[in-house]
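First comes the structure, then the notes that go with it.
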Amino acid sequence: MAEPRSRGSGGGMMVWMERKGADCLMDLAEMINILNSRLNAEGRTVRFDMKKESMRIEQEHSGQGVTISLPELLRRFHEEGPESLDQTILAIDRGLRAMAISPHLKGKENRIFPVIRSASFPDHTSDGRKLVTRDHTAETKIFYALDLGNACRLIDDQFLAREGLDEQALIELASFNLSALPIKIKKDVVKNNAFYFIHTNDGFDASRVLNRKLVADMRAKAIGDLTVAIPHQDVLIFGDIVNAEGYDILAQMTMKFYTLGTIRITMLPFVFEKEGLEPIFIMANKRPIIGKSKD
């Protein structure tokens, strides 16, 4: 399974908007026309399900592809503007291009990384292959990916066996490669609470929560409760929370970033406990309740 990567944006949609007028409202038919014109290509098939209001784009040779919720894209366009739609289309196109090739692990061992996804993310490909996963929290799950540049391929059992690599070796390689990724942190202080943002936009920002040295360094500098938010793939937010207001700010911040993400993970922030990460539920009175979420 190949996944799109949200790295930058192009100008196609912006040109369209300038022609139509910046304050126009797009309807479903216009959305379909734009998606069809930009995503239909040789070797792909496009199908519309008007009952479900969805669009399915597949690679003809493999049947792999993506299903797009048209109402969701339309909502994001109206709420976040044309740039968000442009980025989504580019990310989908890159993912489809990645599906069209058959990558190998040999010689690319240093491009294997762990990736964090929501707990509800499918652990099988559309054609039934089991993806390599590990448990993380009640809200999140760890997958493993081969970085292809503009996209990444999630690694499944069959692919692993074909490449002659066992699962434990894969996990160790991914952990080692993650620890070698550069880390740039931006700090912001609000109401005496410190927030640390990691946003390199390389597709593995959320994964850096698995970097043990990084977590140890954050623990060492924390004055209050050390928290972390993993709203989407391309941001990681550590929080040093010293008062009740800090928890309220953390909740609002996590929600805001979650709505902006291309690959969303979780709206719930976490606090570091001795036994691991525990989700935080922020109540209206700003008092945090820490504990496992209920399914």
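Reckoned from all heavy atoms, side chains included, excluding hydrogens, waters and symmetry mates. Numbering of residues begins at 1 and proceeds along the displayed sequence.
In this structure, CZ in Arg111 is found 4.5 Å from CZ in Phe113, a value given to the nearest 0.5 Å. Atoms CD and CD1, from Glu139 and Ile265 in turn, are 12.0 Å apart once rounded to the nearest 0.5 Å. Atom CG of Leu170 sits about 4.5 Å away from atom CD1 of Ile155, to the nearest 0.5 Å. To the nearest 0.5 Å, the span separating NZ on Lys213 from CZ on Arg208 amounts to 13.5 Å. In this structure, the separation between CG on Leu131 and CG on Asp157 is 8.0 Å, given to the nearest 0.5 Å. How far NE2 of His136 is from CD1 of Ile142: 5.0 Å, rounded to the nearest 0.5 Å.
For the pair Lys141 and Asp123, the minimum side-chain heavy-atom distance is below 4.5 Å. With a 4.5 Å cut-off on side-chain heavy atoms, Leu181 and Leu178 count as touching. A heavy-atom distance below 4.5 Å is found between the side chains of Phe143 and Phe121. The side-chain heavy atoms of Leu160 and Asp166, taken from C-beta on, include no pair separated by under 4.5 Å. Taking the side chain as every heavy atom from C-beta outward, Phe204 and Asp147 approach each other to under 4.5 Å. Leu277 places none of its side-chain heavy atoms less than 4.5 Å from the side chain of Val271. The shortest distance between side-chain heavy atoms of His232 and Ile263 does not fall below 4.5 Å. Between His124 and Asp156, every side-chain heavy-atom pair lies at or beyond the 4.5 Å cut-off.
The only member of Val209, Val235, Leu214, Ile237 that meets side chain to side chain contact (heavy atoms under 4.5 Å, CB included) when paired with Ile198 is Leu214. Residue Phe272 is tested with Met218, Glu278, Arg219 for a side chain to side chain contact (heavy atoms under 4.5 Å, CB included); the sole match is Arg219. Partner of Phe270 under the side chain to side chain contact (heavy atoms under 4.5 Å, CB included) criterion, out of Ile230, Leu226, Thr227: Ile230 alone.
Taking both residues in full, the closest heavy atoms of Pro114 and Leu210 are given as CB-CD1, 3.8 Å, listed atom of the first, atom of the second, then distance. Between Gln233 and Gly203 the shortest heavy-atom distance is CG-O, 3.4 Å. Considering every non-hydrogen atom in both Thr67 and Ser54, the closest pair reads CG2-CB, 4.1 Å. For the residue pair Asp240 and Ala222, the shortest heavy atom distance occurs at OD2-CA, 3.4 Å. Pairing each heavy atom of Thr254 with each of Leu250, the nearest pair is OG1-O, 2.7 Å. Of all heavy-atom pairs between Asn211 and Ser179, the closest is ND2-CA, 3.7 Å.
The local environment of CG in Asp135 is sparse, with at most 12 non-hydrogen atoms from other residues, nucleotides or ligands closer than 6.0 Å. Within a 6.0 Å radius of CZ in Arg134, other residues, nucleotides and ligands contribute 12 heavy atoms or fewer.
Both Val215 and Ile185 are part of a single hydrophobic cluster, where members link through side-chain heavy atoms under 4.5 Å apart. Under the 4.5 Å side-chain heavy-atom criterion for grouping Ile, Leu, Val, Met, Phe, Trp and Tyr, Leu74 is connected to Leu39 within one hydrophobic cluster. Hydrophobic cluster membership is shared by Ile183 and Leu236, with clusters built from Ile, Leu, Val, Met, Phe, Trp and Tyr side chains linked at under 4.5 angstrom. Criterion: ILVMFWY side-chain heavy atoms under 4.5 Å apart, direct or through other members. Under it, Phe77 and Leu260 are not part of a common hydrophobic cluster.
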**Message:** Before you tell me yes or no, could you show the steps for His199 and Lys184 under side-chain contact (heavy atoms from CB on, under 4.5 Å), namely the whole-Å CA-CA distance, both residues' side-chain angles and the distance that decides it to 0.1 Å?
**Reply:** CA-CA 8 Å; His199 180 53; Lys184 294 182 179 179; over 6 Å; no
**Request:** Please report the C-alpha distance between Arg56 and Asp49 in whole Å, then the side-chain angles of each, then the deciding distance to 0.1 Å, and finally whether the side-chain contact (heavy atoms from CB on, under 4.5 Å) criterion is met.
**Result:** CA-CA 8 Å; Arg56 174 74 181 173; Asp49 187 329; over 6 Å; no
**Request:** Determine, stepwise, if the pair Met31 / Leu73 fulfils side-chain contact (heavy atoms from CB on, under 4.5 Å).
**Result:** CA-CA 8 Å; Met31 171 73 73; Leu73 272 189; 3.9 Å; yes
**Request:** Kindly determine whether Leu70 and Leu35 satisfy side-chain contact (heavy atoms from CB on, under 4.5 Å), including the steps that lead there.
**Result:** CA-CA 10 Å; Leu70 298 174; Leu35 292 173; 3.4 Å; yes
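Panel note: side chain Ser37, backbone Asn33; a donor-acceptor pair is recorded below 3.5 Å. Side-chain N or O atoms of Asn177 include one that pairs as donor or acceptor with a backbone N or O of Leu173 at under 3.5 Å.
Grouped by direct or indirect side-chain proximity (heavy atoms under 4.5 Å, Ile/Leu/Val/Met/Phe/Trp/Tyr only), Tyr258 sits with Met255, Met267.
Pairs engaging residues 251-269 under the salt bridge (charged side-chain N to carboxylate O under 4.0 Å, His left out) rule: Glu72-Arg264 [sequence neighbours left out].
A cation-pi geometry, defined here as NZ or CZ lying under 6.0 Å from the six-membered ring centre and within 45° of its normal, does not hold between Arg129 and Phe159.
With salt bridges taken as basic N to acidic carboxylate O contacts below 4.0 Å, none links Lys221 and Asp217.
Under the 3.5 Å distance criterion, with hydrogens and angles disregarded, a donor-acceptor pair is assigned to the side chains of Asp205 and Thr200.
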Let me have the donor-acceptor pairs involving side chains of residues 187-197, under 3.5 Å, with sequence neighbours excluded, atom names and distances please.
from   : atom 1 : to     : atom 2 : distance (Å)
Asn193 : OD1    : Val242 : N      : 2.7
Asn193 : OD1    : Asn243 : N      : 3.4
Asn193 : ND2    : Val190 : O      : 3.2
Asn193 : ND2    : Lys191 : O      : 2.9
Asn193 : ND2    : Asn243 : OD1    : 2.9

